[in-house]
Visitor: 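Submitted below is the structure of interest, expressed as structure tokens.
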Amino acid sequence: MENKIFALVDCNNFFASCERVFNPALKNKPVVVLSNNDGCVIARSNEAKALGIEMGAPIFKCQDLIRRHHVHVYSSNFVLYGDMSRRVMNTLAQCTPQMEVYSIDEAFLSLDGFKQEGLFDYVRSIRVKVYLNTGLPVSIGVAPTKTLAKIANRIAKKQASTGGVFCLTEEEDINHWLKTIDVGDVWGIGHEKTKDLKRHGIDNAYGLKVADDEWIKKHLSIVSLKTVWELRGISCLPIEEMVPDKKSIATTRSFGREVQTLDELKEAIAAYVSKAAEKLRDQASVCGYLQVFVNSNPFKGQNYYSNSAGVLLSPPTAYTGKLIEAGHRLLEGIYRPEFSYKKAGVFLMNLQPEAVEQGDLFEEAYHNSRRQRLMRTVDAYNRRLANHGGIFMAAEGIIQPWYMNQTHKSKRFTTRWDELLEISI
DNA sequence: TCTGGGGTCCTAGGACCC
DNA sequence: TCTGGGGTCCTAGGACCC
């Protein structure tokens with residue numbers, strides 16, 4: 001049997017690097033990108049990491065470091081990052097017959113059948129190609145399983161001497177490196193499992209590799225057993241080329257400021273439902289269960305309120321108007337005027353393909369209805385024009401005073417004619 | 001003043017049934 | 001005193017990932 005070879009390509013500090021592509025002055029400077037609502041740090045350039053700015057740290061706790069070291073701060077710009085991701089993935093798709101887009105900044109490539117001699121050079125050429133096409137630096141780890149490729153990638157990223165590419169293929173080599181990897185840094189081993197493993201004397205990835213199968217199955221799970229086998233070089237997780245339909249869709253956001261009135265909450269719920277319904281129609285599904293939640297600020301410590309409510313939708317639908325109506329009814333049931341609200345969200349669940357939906361005795365099905373045609377027209381228009389809002393439901397509001405804070409947002413350089421990069425000479 | 005968002009899968013436990 | 005056993009299905013919550 002032919003040996004399997006996986007490459008994991010991972011963009012370095014992806015969001016921060018995207019900002020850098022369009023602003024060369026950021027080169028070698030500390031850069032951080034914030035979560036929605038400018039809340040936490042979700043990406044850091046190496047320089048920012050070196051300053052001790054932690055991943056996930058609330059920005060107000062780093063204010064001092066940021067001022068002192070002139071850290072460049074950006075609000076998240078997912079339109080830009082999404083488009084840059086698409087460019088990276090398009091480049092990678094040219095480098096292998098089989099790949100899996102694993103996340104916005106990561107992809108697994110199958111390099112089965114490659115001869116050992118040319119492998120390293122080929123992988124290096126992929127790295128160069130991505131950089132030339134997009135301006136983004138990536139690290140690439142190569143190994144006989146996905147889990148080991150993740151580890152090889154980590155080594156490529158941490159050890160400058162690797163030049164961003166690391167192959168982990170020889171058994172002896174693998175064992176040597178696994179001993180240097182904390183067990184909690186193994187893909188699939190999270191915080192809780194790490195504690196459990198360390199209590200039983202398994203501290204590094206090598207310890208996990210040689211652990212007893214029965215013990216792992218009993219104390220962790222069948223999923224972790226696959227992880228262990230993968231560390232042994234037995235591939236259990238294949239490349240998943242097909243992107244399966246989502247089973248649930250969520251849109252949840254914190255507000256830019258506290259919200260008190262039912263009217264404002266209704267606007268927000270309408271806007272979130274609208275966004276979620278768009279994702280729903282993107283995969284040609286209808287939704288059979290809608291859930292809405294609100295909560296006050298959990299960090300205030302006192303007077304916390306959180307509640308949710310859901311409703312079955314019959315027949316299932318993807319019509320924004322109907323979903324908003326249902327969302328508003330749910331909201332009215334859980335709204336309490338004596339609280340102020342910091343966050344709200346909607347979940348679409350019980351999703352199914354629109355074409356096979358079940359009929360309902362009293363109401364017209366969504367599929368092939370006039371409402372479906374209306375939504376298709378709106379979606380097509382918004383996709384093409386995508387300028388300044390497009391078509392939206394009046395219920396979403398226009399001013400949207402509750403909208404999240406994005407004080408440091410860069411332009412959508414790659415997707416908007418009016419936000420193209422300008423260069424002065 | 002200021003603390004993200006969006007997913008999947010697994011498991012434990014309750015309800016229910018025979 | 002002594003009070004079965006096993007199966008399925010559903011749900012909520014946990015754990016993990018990026």
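Throughout, protein chains are lettered first and strands after them, A, B, ... in sequence-line order, and every chain is numbered starting at 1. What you see below is based on every heavy atom in this structure, not just the backbone, and it leaves out hydrogens, waters and symmetry mates.
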Visitor: Looking for any heavy atom pair under 4.0 Å, which part of the strands does A:I189 touch: base, sugar-phosphate only, or nothing?
Guide: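 If one applies the 4.0 Å heavy-atom cut-off, A:I189 turns out to touch the sugar-phosphate alone, with no base involved.
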Visitor: C1' atom, B:dC17 versus C:dG4: distance in rounded Å?
Guide: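 Going atom to atom, C1' in each nucleotide, I get 14 Å.
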Visitor: Who are the salt bridge (Lys or Arg N to Asp or Glu O under 4.0 Å) partners of A:D185, not counting sequence neighbours?
Guide: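 If we apply the salt bridge (Lys or Arg N to Asp or Glu O under 4.0 Å) test to A:D185, skipping adjacent residues, the hits are A:R154.
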Visitor: For DNA chain C, what are the stems built from at least three Watson-Crick or G-U pairs in a row, each pair having both distances below 3.5 Å?
Guide: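 Stem list for DNA chain C: B:5-18 with C:5-18.
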Visitor: What parts of residues 192-214 of chain A reach DNA chain C, counting only heavy atoms under 4.0 Å away?
Guide: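 Close to the strand are A:E192, A:K193.
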Visitor: Does A:K342 reach a base, just sugar-phosphate, or nothing at all? Heavy atoms under 4.0 Å.
Guide: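 It contacts sugar-phosphate atoms only.
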Visitor: Contact class for A:N405 vs. all strands (heavy atom < 4.0 Å): base, sugar-phosphate, or nothing?
Guide: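 Result for A:N405 = nothing.
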Visitor: Taking ring-ring contact (aromatic ring centres under 6.0 Å, His included) as the definition, give me every residue that meets it alongside A:H176, ordered by chain and number, with sequence neighbours left out.
Guide: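 Counting only residues at least two positions away or on another chain, A:H176 forms no ring-ring contact (aromatic ring centres under 6.0 Å, His included).
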Visitor: For the pair A:Y272 and A:F255, name the ring-plane relationship: parallel under 30°, tilted 30 to 60°, perpendicular over 60°.
Guide: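 Aromatic pair A:Y272/A:F255 classed parallel.
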Visitor: Under 4.0 angstrom, heavy atoms only, what part of the nucleic acid is A:E106 near: base, sugar-phosphate, or nothing?
Guide: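 It contacts sugar-phosphate atoms only.
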Visitor: Using the closest heavy atom to pick a nucleotide of DNA chain B for each, name whichever of A:A250 or A:M55 lands nearer the 5' end.
Guide: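 Residue closer to the 5' terminus by nearest nucleotide: A:M55.
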Visitor: The criterion is ring-ring contact (aromatic ring centres under 6.0 Å, His included); which residues satisfy it with A:Y102, sequence neighbours excluded?
Guide: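 Scan of A:Y102 (ring-ring contact (aromatic ring centres under 6.0 Å, His included), adjacent residues dropped) gives A:F108, A:W187.
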Visitor: Please list, by residue number, the residues of residues 218-249 of chain A whose heavy atoms come closer than 4.0 Å to an atom of DNA chain B; answer none if no residue qualifies.
Guide: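 Under 4.0 Å from DNA chain B: A:S221, A:V223, A:K246, A:K247, A:S248, A:I249.
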Visitor: If you look only at pairs with a residue in residues 29-48 of chain A, which of them pass as a salt bridge (Lys or Arg N to Asp or Glu O under 4.0 Å), with sequence neighbours excluded?
Guide: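 Pairs touching residues 29-48 of chain A that pass the test: A:R20-A:E47.
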Visitor: When all nucleic acid strands are considered with a 4.0 Å heavy-atom cut-off, which category describes A:V101: base, sugar-phosphate, or nothing?
Guide: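 Here A:V101 touches no strand at all.
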Visitor: Assign A:K275 to base, sugar-phosphate, or nothing according to its heavy-atom contacts below 4.0 angstrom with the strands shown.
Guide: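 Since no nucleic acid heavy atom lies under 4.0 Å of A:K275, the category is nothing.
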Visitor: Do any N or O atoms from the side chain of A:E100 and from the backbone of A:L109 form a donor-acceptor pair under 3.5 angstrom?
Guide: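 Here the side-chain-to-backbone pair does not exist.
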Visitor: Please check if the distance between the ring centroids of A:W177 and A:F166 is under 6.0 Å.
Guide: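 Aromatic pair counts; centres sit under 6.0 Å.
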Visitor: Listing request: all ring-ring contact (aromatic ring centres under 6.0 Å, His included) pairs with a residue in residues 298-320 of chain A, at least two apart in sequence or in separate chains.
Guide: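 Those involving residues 298-320 of chain A are A:Y305-A:F339.
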Visitor: Could you tell me whether A:T251 contacts a base, only the sugar-phosphate backbone, or nothing, with contacts defined as non-hydrogen atoms closer than 4.0 Å?
Guide: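 Sugar-phosphate contact only - A:T251 comes under 4.0 Å of backbone atoms but never of a base.
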Visitor: For residues 133-142 of chain A, tabulate all N or O donor-acceptor pairs below 3.5 Å that involve a side-chain atom, not counting sequence neighbours.
Guide:
from: A:N133; atom 1: ND2; to: A:T91; atom 2: OG1; distance (Å): 3.1
from: A:T134; atom 1: OG1; to: A:V130; atom 2: O; distance (Å): 2.7
from: A:T134; atom 1: OG1; to: A:L136; atom 2: N; distance (Å): 3.1
from: A:S139; atom 1: OG; to: A:N12; atom 2: OD1; distance (Å): 2.7

Visitor: When you list every nucleotide of DNA chain C with an atom under 4.0 Å from a heavy atom of chain A, which one comes first 5' to 3', and which comes last?
Guide: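 Boundary nucleotides touching chain A, in 5' to 3' order, are C:dA15 to C:dC18.
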Visitor: Test of understanding: with side chain to side chain contact (heavy atoms under 4.5 Å, CB included), list the residues that count as partners of A:E214, not counting sequence neighbours.
Guide: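 Result, side chain to side chain contact (heavy atoms under 4.5 Å, CB included) vs A:E214: A:D212, A:K217.
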Visitor: Under 3.5 Å, which donor-acceptor pairs do the side chains of residues 56-72 of chain A form with other protein atoms, sequence neighbours left out?
Guide:
none

